[in-house]
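For reference, the structure is listed below as structure tokens.
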Amino acid sequence: MPQVDLRSIVARIRDYELLLLAVALFLLLTAIYVFSVEIRATRGASITGDEPFYLLTTQSLLTDGDFDLANQYESRSYTSFFDHPDGLWFQSVPQEDGQVLSPHNPGLSLLVIPGFVLGGLVGVQTQLLLIASASLALAFVLADRLTGHRITCWVVTLGVGLTATAFVYSTEIYPEFPAALALVVALLLVTRLPRPGAADGLWLAAVLTVMCWLGIKYAPLALIVSSYYILRADRSGRTALLLAGGLSATVFAGFHVYLFGGLTPYGNNAVYAQWNTAEILAGHVEFGERYYRLWGIFIDRQFGIGRWAPLLLVALPGLALLTVGKGSLRLVLALVLAQLLMATFVAITMMGWWFAGRTMVTVLPLFAVPIALVVARSHLWGKVGVAMLGCYSLAITVGLASAAHAGEITIAVDPFDMAFPPFQGLAGLFPLYTLWTTETWWLTFFWLTLAGLAIGTIAWSELASTVRKVHPRKWRLPGHAPYNRGNTIT
């Protein structure tokens, strides 16, 4: 009679369970994100900022077979997706040969071709919300793999997916969520095996190539993931990644130099006309007047992601847990911090014609990992506190969606003016970094102190837990018998 391998049966059941939970999360988020499709960016147009220019390139590729937008401006074909009565402004300066090129990497414009063909603007938004749902469903799989707390990871990832930033950007025509999906897939690849091989290297090169074509601004994240992979992979894996990555970089550079005249398309922007690539990159980096964004990205009264979803603030003390975790957890930490530094010192502004948190959306699904670790290590009241923050964050999202659908506010202009009482009632607790007053400094001090205490508490708890495991006798209660297996204090 053949022996039954219970371990393999249990593993298979857990795999099916993981798949079912991931699919359920994908379907649930997809159903919810549908409600963000009809939300208008401004009172004059359904989309704004950089959004119409990505679609203008898509339209040019489909109708003319090229990247030149001159025909679209001349025929005003953009009115099929851009409904502002004044028409679409010029974001680019014409080249010497008369071509008008979008000042954005072409990856997103190519990616949304299927959605645009099937349904125009709504088709693209539907395609993007599916991508956003997929990125969070796979982020749950990643969080489960890295932490082992399956149900906690599912609930936390759902909470992150229901935050206002995730809800709004699920259908915004920006490359952030597609890049987030590529990043999560890359992390699943590099953490799949202890010693990745050649096939993993080729797949990783393909995924990171997609990320860089979506935006050269994601190259630092691709470099971090590649470095981690090279340290872990076998010789064939390293060779495959380096060769494929080198070929990809060569094609990328050649295409951009041929089409845009430089390694980036930014030189076509009316703001940076006549600047070369080095000057543009240097002009983006600034330290002295942007340092406040390190925390302002989280707590600014108008554009702070923690202001719109306090649940995301739990990730900050959770970062302390990533520092003492295994290598894959430190990789997540490195990616979050790298994106925060990019958003602080490289991005021109954190405030603009868009909703809060745009510069952090690419790593937003990764927030599920530190938050899940905090919840898993918290006592009952800690779990209750995080749950309350999650419920309040969801209430803000519901209030925002309701106000936007009712025409009370628009997403890219005045979302912070919505009349939702809890949101307005707590506004005074958050500093406003467009107005530097004594109140701004005091509120900043309050939040930084609170963050320091939270991080210190988590770090101390983790240290105490480690000491208990290494020296259990020192942690027995007074009057108890000496340590043995029967009375260990955990």
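These values consider heavy atoms only, across backbone and side chains, with no hydrogens, waters or symmetry-generated copies.
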Out of curiosity, W442 CH2 to T438 OG1, how far, rounded to the nearest 0.5 Å? 9.5 Å
Any side-chain to backbone donor/acceptor pair from R150 onto E17? Under 3.5 Å, distance only. no
Apply side chain to side chain contact (heavy atoms under 4.5 Å, CB included) to L142 and L366, showing your working. CA-CA 9 Å; L142 176 68; L366 301 186; 3.9 Å; yes
H405 side chain to F35 backbone, donor-acceptor under 3.5 Å: yes
Are S36 and S170 close enough that a side-chain donor and a side-chain acceptor fall under 3.5 Å? yes
Which value, rounded to the nearest 0.5 Å, describes the distance between R293 atom CZ and I297 atom CD1? 7.0 Å
Candidate pair R232 and D200, rule salt bridge (Lys or Arg N to Asp or Glu O under 4.0 Å), full reasoning: CA-CA 11 Å; R232 298 182 69 247; D200 296 286; over 6 Å; no
Okay, side chain of Q127, backbone of L111: is any donor-acceptor separation there less than 3.5 Å? yes
Walk me through whether T165 and F355 qualify under side chain to side chain contact (heavy atoms under 4.5 Å, CB included). CA-CA 7 Å; T165 297; F355 187 72; 4.1 Å; yes
Looking only at atom types and distance, does a side-chain atom of R307 sit under 3.5 Å from a main-chain N or O of Q302, one as donor and one as acceptor? no
To the nearest 0.5 Å, atom OG1 of T362 lies from atom CD of E176 at 5.0 Å
Taking the six-membered ring for Trp and the full ring for Phe, Tyr or His, determine whether the centres of Y292 and W436 are under 6.0 Å apart. yes
Kindly compute the distance separating CD1 (I47) from CD1 (I173), expressed to the nearest 0.5 Å. 4.5 Å
So which heavy atom on A320 is nearest to which on I455, and how close? CB-CG2, 4.0 Å
Test your reading of the model: is there a side-chain donor-acceptor pair from R301 to the backbone of A427, 3.5 Å cut-off? yes
Could you tell me whether the side chain of Y33 and the main chain of G161 form a donor-acceptor pair under 3.5 Å? yes
Tell me whether T344 contacts the main-chain N or O of L341 through its side chain, where contact means a donor paired with an acceptor under 3.5 Å. no
Show the numbers, then the answer: is there a side chain to side chain contact (heavy atoms under 4.5 Å, CB included) between L331 and V190? CA-CA 10 Å; L331 172 60; V190 299; 4.0 Å; yes
Hey, is the main chain of M351 close enough, under 3.5 Å, to the side chain of T349 for a donor-acceptor pair? yes
Provide the closest heavy-atom pair for L311 versus V160 in the form atom of the first, atom of the second, distance. CD2-N, 4.0 Å
Verify, without hydrogens or angle tests, whether T163 (side chain) and G159 (backbone) share a donor-acceptor contact under 3.5 angstrom. no
Separation of L136 CG from I131 CD1 (nearest 0.5 Å): 12.5 Å
Hey, could you give me the CZ/CG distance between F416 and D300, rounded to the nearest 0.5 Å? 9.0 Å
Looking only at heavy atoms, which two atoms of A244 and A205 are closest? And how far apart? CB-CB, 3.6 Å
Testing W295, W441, F430 one by one against W447 for a ring-ring contact (aromatic ring centres under 6.0 Å, His included), which residue passes? F430
L312 vs F298, side chain to side chain contact (heavy atoms under 4.5 Å, CB included): CA-CA, chis, key distance, verdict: CA-CA 8 Å; L312 298 178; F298 294 92; 5.8 Å; no
Looking only at heavy atoms, the pair that brings V363 and Q339 closest together is CG1-CB, 3.7 Å
List the atom of P365, the atom of F177, and the distance in Å for their closest heavy-atom pair. CG-CE2, 4.2 Å
Pair F303 and W308, ring centroids less than 6.0 Å apart: no
Might you point out which heavy atoms bring I396 and P310 nearest each other, and give the distance in Å? CD1-CD, 4.4 Å
Please check: side-chain N/O of N105 versus main-chain N/O of G107, any donor-acceptor pairing under 3.5 Å? no
